[in-house]
Structure formats: C-alpha cells, structure tokens
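What follows is a set of notes on a single structure, which appears directly below.
Chain letters run A, B, ... following the sequence lines, proteins first and then strands; every chain starts at 1. In what follows, every heavy atom counts, from backbone to side chain, and hydrogens, waters and symmetry copies are set aside.
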Amino acid sequence: MTITTLDSLSAKPLLDWYDRHHRDLPWRVSPGMAARGVKPDPYRVWLSEVMLQQTTVQAVKPYFAKFLERWPEVTDLAAAENDEVMAAWAGLGYYARARNLKKCAEAVAKDHRGVFPDTETGLKSLPGIGDYTAAAIAAIAFNRQAAVMDGNVERVISRLYAIEAPLPGAKPVMKDKVTLLTPANRPGDFAQAMMDLGATICTPKRPACSLCPFRGSCQALKLADPEFFPVKAAKKEKPVRQGAAFIAVTGDGEILLRRRAESGLLGGMTEVPTTSWTARLDGETSAAAAPFAAAWQACGTVIHVFTHFELRLSIWRAAIVQKLEADDGWWEPVTNLEAQALPTVMKKAIAAAIPLAFKTSKA
DNA sequence: AAGCCGTGGAT
DNA sequence: TATCCAAGGCT
C-alpha cells in the first residue's frame, strides 16, 4: 500500500458506516432525517460546538438543553443578561467560552440580522469561533466542503497514515490529509462521521479496529500498533499553588460573595473572598489572612485541579453578627446560591464550610 | 507561539 | 491513585 493509494482513499466506506452507526445527539440531524430534507439549525450547531470544545458529550447534554430552553434562538441569547449566561454556564468550565458565546450572539444579532454567516471565513471572524469550529459549522450547518479537524480527527488521521511526527507540530500535515479526504458530497456527515469514529471505534485506548470502515487501509493497524498514534509532545508537570477562602455567614443565612476580574482564571465568575493563590507553599493560609476580623473556624482543605496547576485551598468559616458593607462584594442568601455564577472550585469551598449549601455534596 | 484557560469521567 | 484527555480559542 503506497501513499498514493492512501491519498486516493474514499470517504464512502466511512459515510456508509455513519449511516448505520452514527450517534444520536440532541443537536444533530441524523442522516435519515437529512435525507427527508430536515436542515440543521445553525444556532444549535454553533451552541453545541462551542460547548463541546474540550468538553465531553455527556457533560454538554444538560447544559445544551438548559440553554436551548431558556434562549431558543440566537437573538434571545443576545438579549440575555451577562450574569444569567455566566450562571447558566457555571460548572462547564473554560469560562472564556461563555463570555465569547454572548459576544458572538450579540454580533450575529446586530451585525448579521440574526443570521449566522454561512462561510468558514465569515464564521471565523466571530468571537469564540476558531479554525475547528468555523469548519464544523460550515460543514454541518451549511454543507460546505470544509476540512474539520479536532482531537478525534487527529487521532484517526495519525493512525490512518501512521504519522510519527508529534502533535501539535504535525497538525498542518494532518490538515492536508483531511482536506484531501473531505468529500464534496455530505461534507457535514463526513465530519461528524470522523468524530464518531474517533469517539467510538478509533479510541485512544484499545481501539476496535475490527469494526473500523478503514481497517483495510489503516497504516497504524498494518504496523500492528494503532495505540502508538498519535505521537504527542511531552507535557509539563503541574505546579501546586495554595491559598485560603473565607465563608462569612450571617445569622439570617447570607454569605459574602464577590465578582472576579473579567479576564483570566475564572474570569467574570463569582467567588467567596480568597487570598491570592501563590506558588509558595509557606504562605499565609490561616485566619490571619482573612479580609476582616471574625471568629474564623477551620473547615479543612479543598483540593482542586485546574488545567495548569493544582490548588490547595484552606477553608475558613465565621458567623457574622454585624453585617459589614463590603465595597467589592455583596451578601447573598445561601438558598439562592444555585442561581449564582459559581465555578466548581467555589462550590467545593462553600460546601466545605456549609455542607447543605448545595443539593449535591460534591459541588 | 507557547502558555493560559475547567471539569469530570474513564482507565 | 495517577494519568489522560474531551467536537479548542485566545493572546
């Protein structure tokens, strides 16, 4: 089998496989429905694609349903309050996505009369839409012959062609392969088929090669070691940071909250007062670091792992008699915490101090 | 262009 | 338990 033969690989076996084995997903128009003329809703395609960035299907499903029910069209989202969107996104992570989601909805509503651009270039000019998402929306929602490459496609392509060059450097080479493989007919289904194949057959561990529509031409399988691919650059180890968080509770059940800076880690989200999170492990994490004097009681330590560091947060709680006026925060009833834009680390911190603050003990 | 940016499930 | 990593984008 030569490279020439591989470059003339047909997408047909994959599309046939997809017709039989595609996943049924809430935001997806199945091939059967598409054959009956049902068109994907660009708003739903866009919303799902943004939510799915670095996020599992399982995690996205309830958020997608919630957003769609609350904001059925892009113009509804554009008209929403920022805080409501951030609160609805809370728990899904990568909060810049939510900030950009809102900005994108506003741009579509104001600059495009509420209609999404139908080209890769037009889509990529919008906030939060990069190479992958622009190609995915163009292909899936508008049937454009756009080459879609995400983590799944990288894995499939790296194995199909036994590409030994490590990611992310090998991305351009892989993109060329995807471009050659993407058919003029059903490019959207092809993209979704590649991702379904990566998610269900060509998995990172123990791929089910015997069920793969590409099993006859896969170079990695021919080498008898599909798991070897894709080759990735070594990753750096996670440093540890530490800090302290302070949960101040009034007699009538309100706690002190504040809003984080608009950009950076957990940007625009809500938090309880904390010290800065320092790489030094000998820093002050005791009640002496509290924003104000109170009878602070230790409530243990919360460990939370972010993308690039691990946080060890000492938790302190105090009953507040005299409710001071905080210039950079507000007092919120504990019964209303579900409606706040609290990231998971903050829910953990509050739950450590007030075990019954949330329905689930975990978050 | 390499680092920043969450979370939780699978193995 | 530790590691990986999931439909990436922005700066």
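Salt-bridge annotation for A:R259 and A:D328: absent, with no side-chain N of the basic residue lying under 4.0 Å from a carboxylate O of the acidic one. Between A:R28 and A:D196 there is a salt bridge, since a side-chain N of the basic residue sits under 4.0 Å from a carboxylate O of the acidic one. For the pair A:K238 and A:E310, the salt-bridge criterion is not met [side-chain N within less than 4.0 Å of a carboxylate O]. Between A:E120 and A:R144 there is no salt bridge, since none of the side-chain N atoms of the basic residue sits less than 4.0 Å from a carboxylate O of the acidic one.
Relative to the six-membered ring of A:F229, A:R159 misses at least one condition, a distance below 6.0 Å or an angle of at most 45° to the axis.
Ring-plane geometry between A:F116 and A:W46 is classed as tilted, the angle between the planes lying from 30 to 60 degrees on a 0 to 90 degree scale. The aromatic rings of A:F292 and A:W296 sit tilted, their planes meeting at an angle between 30° and 60°.
The gap from the P atom of C:dT11 to that of B:dG6 amounts to 14 Å, rounded to the nearest Å. A gap of 15 Å separates the C1' atoms of B:dA1 and C:dG8, to the nearest Å. Taking the P atom of each, B:dA2 and C:dA7 are spaced 24 Å apart, rounded to whole Å.
Atoms CZ (A:R28) and C1' (C:dA7) sit 10 Å apart, rounded to a whole Å. Atom CD in A:E237 sits about 20 Å away from atom P in C:dT1, given to the nearest Å. In this structure, CG of A:L52 is placed 17 Å from P of B:dT7, rounded to the nearest angstrom. The distance between atom CG of A:L25 and atom P of C:dA6, rounded to the nearest whole Å, is 16 Å. The distance from atom CG of A:L167 to atom P of C:dC4 is 15 Å, rounded to the nearest whole Å. Whole-Å rounding puts the A:L123 CG to C:dG9 P distance at 12 Å. Taking atom CG of residue A:N152 and atom C1' of nucleotide C:dC4, one finds them 14 Å apart after rounding to whole Å. Spacing between atom NE2 of A:H308 and atom P of C:dC10 amounts to 18 Å, rounded to whole angstrom units.
Donor-acceptor pairing under 3.5 Å, judged by distance alone, is absent between the side chain of A:R155 and the base of C:dA6. Checked by distance alone, A:T55 brings a side-chain donor or acceptor within 3.5 Å of a matching partner on the base of B:dG6. Judged by atom type and distance alone, A:T307 reaches the base of B:dG6 through a side-chain donor-acceptor pair under 3.5 Å.
Comparing atom distances between the A:L265 side chain and each of B:dT7, C:dA6, B:dG6 picks out B:dG6 as nearest. Picking from C:dC5, C:dC10, C:dG8 the nucleotide with the shortest atom distance to the side chain of A:N100 gives C:dC10. With distances taken from any side-chain atom of A:K232 to the nucleotides C:dC5, C:dA7, B:dG8, the minimum falls on C:dC5. Closest contact between the side chain of A:L266 and the listed nucleotides B:dG6, B:dC4, C:dC5 involves B:dG6. Closest to the side chain of A:Q58, from the set B:dG9, C:dA7, B:dG6, is B:dG9. Of the candidates C:dA7, B:dT7, C:dG8, B:dT7 carries the atom nearest the A:T344 side chain, counting heavy atoms from C-beta on. With C:dC5, B:dC5, B:dT7 as the choices, the nucleotide that has an atom nearest any side-chain atom of A:Y94 turns out to be B:dC5. Distances from the side chain of A:Q53 to the nucleotides B:dG6, C:dC10, C:dG8 place C:dG8 closest. Of the candidates B:dG8, C:dA6, C:dG9, the closest approach to any side-chain atom of A:P204 belongs to C:dA6.
Nucleic acid contact for A:G91: sugar-phosphate only, since backbone atoms but no base atoms lie under 4.0 Å from a heavy atom of the residue. Contact annotation for A:G264: backbone-only contact, meaning every heavy-atom pair under 4.0 Å involves sugar-phosphate atoms and none involves a base. As judged by a 4.0 angstrom heavy-atom cut-off over every strand, A:W27 is placed among the base-contacting residues. Residue contacts for A:P168: at a heavy-atom cut-off of 4.0 Å it reaches no nucleic acid atom on any strand shown. A:S48 comes within 4.0 angstrom of nothing in the nucleic acid, heavy atoms only. Contacts of A:L92 with the nucleic acid, taken as non-hydrogen atoms under 4.0 Å apart, include base atoms. A:V305 comes within contact range of at least one nucleobase, with a heavy-atom separation under 4.0 Å.
Contact annotation: A:H304 reaches the phosphate of B:dT7 (side-chain N/O to OP1 or OP2, under 4.0 Å). A:Q54 has a side-chain polar atom (N or O) that falls below the 4.0 Å cut-off from OP1 or OP2 of C:dG8. The side chain of A:K235 contributes an N or O atom lying less than 4.0 Å from OP1 or OP2 of C:dC5.
Inspection of the A:Q53 and A:Y132 side chains reveals no N or O donor paired with an N or O acceptor under 3.5 Å.
Taking CG from A:L126 and CD from A:E106, the interatomic distance works out to 12.0 Å, rounded to the nearest 0.5 Å.
Checking A:K205 against A:M149, the closest nucleotide of DNA chain C that is more toward the 5' end is the one next to A:K205.
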Quick one: which protein N/O atoms are closer than 3.5 Å to N/O atoms of nucleotides 1-3 of chain B? Pair and distance per line, please.
unit_1	atom_1	unit_2	atom_2	d
B:dG3	OP1	A:K236	NZ	3.4

Next item on the list: Starting from the C-alpha separation in whole Å, work towards a yes-or-no answer on side-chain contact (heavy atoms from CB on, under 4.5 Å) for A:Y94 and A:W89.
Entry: CA-CA 9 Å; A:Y94 283 136; A:W89 194 278; 5.6 Å; no
